[in-house]
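For reference, the structure discussed in these notes is given below.
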Amino acid sequence: MSHFLSFSEQVQSLSEQAMTRAKRHFDEIERITEYNQQKVLSAFIENRVSEACFGASTGYGYGDRGRETLDRVVADAFGAEDALIRHSFSCGTHTLGTALFGVLRPGDTMLCVTGRPYDTICPVIGIAGEQGQGSLADFGISYRQIDLTADGKIDIPAVKDALRADSSIKMVYIQRSRGYSLRPSLSVQEIGEVAEAVKSVRDAVVMVDNCYGEFVETEEPVSVGVDLMAGSLIKNPGGGLARCGGYIAGKKEWIEQCAYRMTVPGLGREVGATLGNNRDLFMGFFNAPHVTGEALKTAVFAAALFDAMGFDPTPTPEETRRDIIQAIHLGGEENLIAFCRGIQKGSPVDAFVTPEPWDMPGYPCKVIMAAGAFIMGSSIELSADAPLREPYAVWLQGGLNFHSAKAGILYAAEEVLKVSKDKS
Ligand SMILES: *Cc1c(COP(=O)(O)O)cnc(C)c1O
């Protein structure tokens with residue numbers, strides 16, 4: 001190691017041990033990265049991306065060549081018929097909400113088959129207790145849910161029964177990533193099997209919350225029978241360069257509907273000035289397979305290191321990855337705080353600040369977060385979050401490049417080891 005950052009001998013030796021174990025999985029990550037990188041490069045070549053695509057439209061943004069070309073690039077790379085990728089989606093939740101409102105109409109039912117959705121989606125559906133904000137429920141759209149089975153699988157027989165019994169079910173909704181829960185994330189193959197089962201009963205719209213899943217496998221949900229998927233550009237598909245935004249990809253007819261919701265009926269995708277964001281969105285999407293690979297290496301290394309320190313990582317270094325998230329059980333509040341302190345110390349931005357637990361709106365307990373990122377709240381950059389409650393797990397994700405993120409993880413290990421030394 002260099003002399004620029006200093007780590008104790010104990011951490012250096014644990015690091016070497018963890019590298020030996022982690023490296024066994026790097027070849028597989030590289031294989032997927034190369035496959036996805038070629039897929040993306042080929043979409044750039046086929047769609048004749050050129051300097052003219054990076055221009056900045058203003059006003060209505062009619063005929064923005066970059067915007068239109070990028071939609072084609074994203075659709076082709078994801079294996080979808082069509083796509084919308086915009087900096088003007090405020091976040092992943094806004095993007096997913098646009099897709100839900102784009103497809104669902106009064107009287108329809110949305111059936112979520114992966115248990116309770118990600119926290120911020122619940123108010124969109126209207127199951128978080130609030131009223132009058134214009135949720136799906138306020139528009140007369142019903143919601144039903146099927147929980148995952150005890151071993152974390154989608155209950156396919158229950159899904160088929162629900163579809164047969166309730167003709168109002170217009171959409172079957174799947175959340176691919178675990179989000180901030182401890183359930184396993186779903187593989188693209190499993191998602192494809194569910195889509196097939198749905199279509200065997202009738203042609204309901206299958207939609208996937210694809211957050212954190214992009215480029216982790218060689219296929220995306222829309223290339224295995226899913227109708228619509230959406231995600232955030234400050235996660236995997238923004239490649240760390242998109243400063244904000246989201247994407248929706250899938251069947252042409254549904255993308256059209258989403259476009260009318262994204263702007264207004266009549267105008268749809270014909271408007272939307274890009275204001276100079278095209279270059280970052282193109283470049284970010286181009287880098288996304290590689291950056292996702294770096295985040296995966298970071299996750300595997302962190303799992304191996306904290307396993308060697310006696311903590312319980314999920315997934316383990318050996319388990320196949322379905323998203324970029326790594327949870328680690330740290331056993332108590334002090335360790336969670338120490339871990340986040342370490343991640344912050346090893347970040348390129350705001351390394352000098354000390355994260356503190358706070359009462360985050362919508363959480364029943366204090367939460368601590370570490371984020372020394374170039375883009376506020378970006379979780380494709382190395383970042384960690386931990387609610388200070390049972391099971392005392394930290395959720396770690398991102399890493400624009402493995403070498404830097406590895407140093408962040410080593411700082412986290414150093415801080416956690418200090419806590420146990422101070423105690424003894
Ligand atoms: C990040 C995420 C979202 C969207 O969250 P935003 O913070 O609004 O971008 C939705 N679902 C899952 C599973 C996520 O990880």
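Counting starts at 1 for both ligands and their atoms, in listed order.
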### Task
Taking atom CD of Glu34 as the centre, report whether more than 12 heavy atoms of other residues, nucleotides or ligands fall under 6.0 Å from it.
no
#### Entry: Which segment of Gln175 sits under 4.0 Å of ligand 1 when only heavy atoms are counted
side chain
### Task
Please say whether the positively charged group of Lys235, taken as NZ for Lys or CZ for Arg, lies over the ring of Tyr118, i.e. under 6.0 angstrom from the six-membered ring centre and within 45 degrees of the axis.
yes
### Query
Counting from 1, what ligand 1 atoms have a heavy atom of Cys91 closer than 4.0 Å?
8 (O), 9 (O)
### Query
Around Arg243, counting heavy atoms of other residues, nucleotides and ligands shown, do more than 12 lie under 6.0 Å from its CZ?
no
### Query
Does Asp209, backbone or side chain, put an N or O under 3.5 Å from an N or O of ligand 1?
yes
### Message
If you measure every N or O of Ser177 against every N or O of ligand 1, does any of those distances drop under 3.5 Å?
### Response
no
#### Entry: Check: Gly92 N/O within less than 3.5 Å of ligand 1 N/O
yes
### Task
Test ring-ring contact (aromatic ring centres under 6.0 Å, His included) on Phe285 and Phe78 and set out the steps.
CA-CA 11 Å; Phe285 192 72; Phe78 282 157; 5.5 Å; yes
### Task
Check ligand 1 against Leu96 and write out every atom of the ligand that is under 4.0 Å from a heavy-atom position of the residue.
10 (C)
### Query
Non-hydrogen atoms of Lys235 versus ligand 1: any pair closer than 4.0 Å?
yes
#### Entry: Beyond-backbone contact of Leu148 with Thr114, side-chain heavy atoms, under 4.5 angstrom
yes
### Summary
Of all protein heavy atoms, the one nearest atom 7 (O) of ligand 1 is Thr93 OG1, 4.4 Å
### Query
Ile255 versus Arg269: any side-chain heavy-atom pair under 4.5 Å?
yes
